[in-house]
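As the structure is a computational prediction, the values presented were derived from the model and not from experiment. Residue numbers begin at 1 in each chain, while the letters A, B, ... track the order of the sequences.
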Amino acid sequence: MMPVETAEEAKKDATYLKALKDLIYQCADDDFIISFRGSEWLGLAPHIEEDVAFSSITQNTMGHAVMFYSLLEELGEGKADALAHERQPDERRNAVYLEKKNGEGSYLGEPYYDWALTVVRNFLYETFKKVKLKAITNSSYQPLANVAEKVLMEQPYHLSHWRIWVEQLLASTEDARSRLEERLEEAWYAFGDVLELGQYATEMEHFQLMIGEDELKELWLEEVKTTIKDLPNGTPKKQLGSGREGEHTADFDQALEVLSEVYVSDENAIW
Amino acid sequence: MYIYSGASQPEESSHVDDQEKYEQFMARIEAGEKIEADDWMPDDYRQALIKLISMHGISEIMGALPEKEWVPKAPTLKRKLGIMAKVQDEMGHGQLLLRVAEDLMRPYGKTRGDLMDDLLSGDLKFHNVFHMPTKTWADAGMVGWLVDGAAIISQTNMLDASYGPYQRALQRICQEEVFHAQHGEAIIMALAEGTEHQRQILQESLNRWWSALLMFFGPKSADTTGSSKQDIMIKYRIRKSSNEELRQAFLDKYLPRVFSLGLTVPDETAHYDEEKGEWVYQQPDWNEFKQIIKNKGPRSKERLRLREVAYENNRWVRQALTSEAVGS
């Protein structure tokens, strides 16, 4: 397949365009929601140095979401801000596991957030993101491949941050280890939809936009195993639903309400 | 007040030696030399620095909380990126400053953990502005524009401070604060040029913050609130100007900008007196100020509670990190 160099070219083939847009929505929405969950942690991390590091990662990740939304804007999907703030839950393609609340309470009061969930979730997600972006660097859609290259310049540092957390906590107290293991068990019931490519998975592979789902899962699992030897059996299930197909939970409604509160407060405003 | 019970001199020394060291110390700072962490310093200098820098550091960290309320809610992708970067910087300043304070506290056997305990027990105060509520997005802009604007004025006043580690930290902090003020100003400009609703939340925000901004620089003299460290700070060349001089510099810089945006301040008497060459304004309620810094401000309890929950809730993580297994 010949590389597709511009948005205009991509628009010429309706099936290609559909698969391409779905893939970019998945990338954009995943980064957007996990960055939102990260932003709720701001000021509440286990220590000050972590607050500085985590908020830097969160900010970078939001930057990645912006790059992906901008690609969609070029493809005629509307303004990046509207895509981030106005779309309904069933139009969103982020994985359900990533929208799960950080824990009990709210970032505004009594935030009983769970660091074990955050470490496990970010480690598994950043591992997936690295594998996925590496595959996308060979994508037939050149503007997307370019963004993947750019993101990969900083993203491996994010992964390495969370990998160190996993390694340190697993090698520390019994309490820390069991908290992490519990969250890993949970991830094996819910991480499944992160690893999926949605209804156009076949077309994505066919048009060389992306590698196939099976290969993606395999590469991810291999990479995770280099850090965690003792994983739950099998591959993760998707008991919370499939975000790739627009299924979402009440936790997501909470996220959308907060992140668009000011945006929707004045329809005519330029902020 | 931050008092070290049982604090003793790090080294036993005779009064005569101390007098000689003291004179050398004063000669050094008067010659513009910088004092470093391991240098001899008078105990009241060390204590004044610990009080100043630990309060400054912890205020940066507590100061992240009011703005942070608006980080997840920032209305556009650009604003989300801007405010995330901004609040991250503030946490970074807190970290930088607490490291400076930690070195100063070492002879007393105190650590960062003690500072957190002192914050939660109310012994260590945080800045009056960070006890205030942020009710709308306009407050997120106001914190960047005028609160950070005030911080720039008070911190650039100490850019030549006699204590080297603090002076160097301030160089970096002030550079970043300039970006913060621009970030805040950009939010404010968008609101000022925006819809009626936007202009309304902007004016309400300024009304809400006005007295806290006047209080920012502290009382004119110790007579107002019963205590003020400004004299010792000036004697030891930590800062140059008085509280009132700083407040005047703030009004001088920002009131014309406020008025040019068509905004008003909730003080009809506020004006520039050409003859005296200074701004005339109504004093804020200094009794209220005293209450605020005693953690009896509008949001003091909630903000401290947030820190407390985060601190307690993550105790297992800190325990895990200090366990022997890590790094072995």
Side-chain angles (χ1 to χ4, degrees), chain A residues 32 35-52 54-56 58-59 62-63 65-66 69-70 80-81 84-85 103 105 107-116 119 168-169 171-173 175-177 179 255 258-266 268-271, chain B residues 57 61-62 64-65 67-85 87-92 94-95 98 112 136-137 140 187 190-191 193-198 201 302 305-307 309-311 313-328:
Chain A
F32 187 62
S35 174
F36 170 79
R37 288 292 176 219
S39 75
E40 289 184 307
W41 264 105
L42 187 50
L44 306 171
H47 53 73
I48 297 160
E49 281 76 6
E50 178 57 25
D51 240 320
V52 175
F54 189 11
S55 55
S56 174
T58 300
Q59 180 202 335
M62 185 57 77
V66 172
Y69 284 130
S70 304
D81 270 321
H85 294 92
Y107 79 94
L108 294 167
E110 303 298 301
Y112 291 97
Y113 287 175
D114 183 20
W115 192 243
V119 167
Q168 288 202 332
L169 290 179
S172 64
T173 59
D175 179 34
R177 167 182 278 274
R179 283 170 188 262
V258 172
L259 68 87
S260 63
E261 181 188 306
V262 182
Y263 181 91
V264 301
S265 68
D266 187 341
N268 301 314
I270 295 167
W271 297 100
Chain B
I61 286 159
M62 293 303 288
L65 297 178
E67 261 185 309
K68 176 259 165 80
E69 291 172 7
W70 293 92
V71 172
K73 298 180 179 181
T76 67
L77 292 167
K78 189 175 141 196
R79 296 281 180 236
K80 280 179 165 65
L81 289 174
I83 196 166
M84 276 177 177
V87 182
Q88 190 228 359
D89 280 355
E90 304 291 9
M91 293 300 298
Q95 192 248 353
L98 290 186
R112 193 191 292 186
T136 66
W137 171 246
I187 295 175
L191 296 175
E193 292 165 1
T195 64
E196 201 175 316
H197 165 70
Q198 285 175 303
I201 60 172
E302 292 81 353
R305 177 69 188 149
L306 268 184
R307 274 245 70 83
V309 171
Y311 196 61
N313 191 40
N314 290 318
R315 186 176 291 277
W316 71 270
V317 184
R318 289 191 305 277
Q319 280 169 350
L321 292 181
T322 51
S323 80
E324 283 180 12
V326 173
S328 63

*Does the side chain of T195(B) come under 3.5 Å of the side chain of D266(A) through a donor N or O and an acceptor N or O?*
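Side-chain D/A pair, T195(B) to D266(A): present.
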
Tell me, side chain or backbone of [X] under 4.5 Å from chain A's heavy atoms, or both, or neither?
{"X": "A85(B)", "answer": "both"}
{"X": "Q88(B)", "answer": "both"}
{"X": "Q319(B)", "answer": "backbone"}
{"X": "I187(B)", "answer": "neither"}
{"X": "K73(B)", "answer": "both"}
{"X": "L81(B)", "answer": "both"}
{"X": "I61(B)", "answer": "side chain"}

Best-contacting candidate, [options], against chain A by heavy atom pairs under 4.5 angstrom:
{"options": "E302(B), R305(B), K78(B)", "answer": "R305(B)"}
{"options": "A64(B), P75(B), G94(B)", "answer": "P75(B)"}
{"options": "H197(B), E90(B), R307(B), M62(B)", "answer": "H197(B)"}
{"options": "L191(B), L77(B), V317(B)", "answer": "L77(B)"}

*Kindly give the heavy-atom pair with the smallest separation between F36(A) and P72(B), and that separation in Å.*
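For F36(A) and P72(B), the tightest heavy-atom pair comes out as CE1-CB, 3.5 Å.
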
*What closest approach, in Å, do A320(B) and L169(A) show between heavy atoms, and which atom pair accounts for it?*
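For A320(B) and L169(A), the tightest heavy-atom pair comes out as CB-CD2, 3.7 Å.
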
*Can you sort out the partners of E49(A) under salt bridge (Lys or Arg N to Asp or Glu O under 4.0 Å), two or more places apart, ordered by chain and number?*
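With neighbours one apart ignored, the set is R112(B).
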
*Mind checking salt bridge (Lys or Arg N to Asp or Glu O under 4.0 Å) for R318(B) and listing every partner two or more places apart, or none if nothing turns up?*
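So R318(B) forms no salt bridge (Lys or Arg N to Asp or Glu O under 4.0 Å) with any residue.
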
Let me confirm one number: the [atom1]-[atom2] distance from [X] to [Y], rounded to the nearest 0.5 Å.
{"X": "E50(A)", "Y": "Q95(B)", "atom1": "CD", "atom2": "CD", "value": "12.0 Å"}
{"X": "M84(B)", "Y": "S35(A)", "atom1": "CE", "atom2": "OG", "value": "3.5 Å"}
{"X": "N314(B)", "Y": "H47(A)", "atom1": "CG", "atom2": "NE2", "value": "9.5 Å"}
{"X": "W271(A)", "Y": "Q198(B)", "atom1": "CH2", "atom2": "CD", "value": "4.5 Å"}
{"X": "L65(B)", "Y": "L42(A)", "atom1": "CG", "atom2": "CG", "value": "8.5 Å"}

Please state whether the side chain, the backbone, both or neither of [X] comes within less than 4.5 Å of a heavy atom of chain B.
{"X": "A84(A)", "answer": "side chain"}
{"X": "Q59(A)", "answer": "both"}
{"X": "Y69(A)", "answer": "side chain"}
{"X": "D175(A)", "answer": "side chain"}
{"X": "L108(A)", "answer": "both"}
{"X": "R177(A)", "answer": "neither"}
{"X": "A255(A)", "answer": "neither"}

Based on non-hydrogen pairs under 4.5 Å, which of [options] is most in contact with chain B?
{"options": "G103(A), A269(A), A176(A), G38(A)", "answer": "A269(A)"}
{"options": "V52(A), N268(A), D51(A)", "answer": "V52(A)"}
{"options": "W115(A), F54(A), Y113(A), Y112(A)", "answer": "Y112(A)"}
{"options": "D114(A), T58(A), V66(A), V262(A)", "answer": "V262(A)"}

*Between the side chain of K68(B) and the main-chain N/O of L44(A), is any donor-acceptor distance below 3.5 Å?*
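Absent.
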
*Does Y263(A) use its side chain to pair, donor to acceptor, with the backbone of T76(B) at less than 3.5 Å?*
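Such a contact is absent between Y263(A) side chain and T76(B) backbone.
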
_Matching residue for E110(A) among V309(B), L306(B), N313(B) - test: side chain to side chain contact (heavy atoms under 4.5 Å, CB included)_ =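 That would be V309(B); it is the only one of V309(B), L306(B), N313(B) passing the side chain to side chain contact (heavy atoms under 4.5 Å, CB included) with E110(A).
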
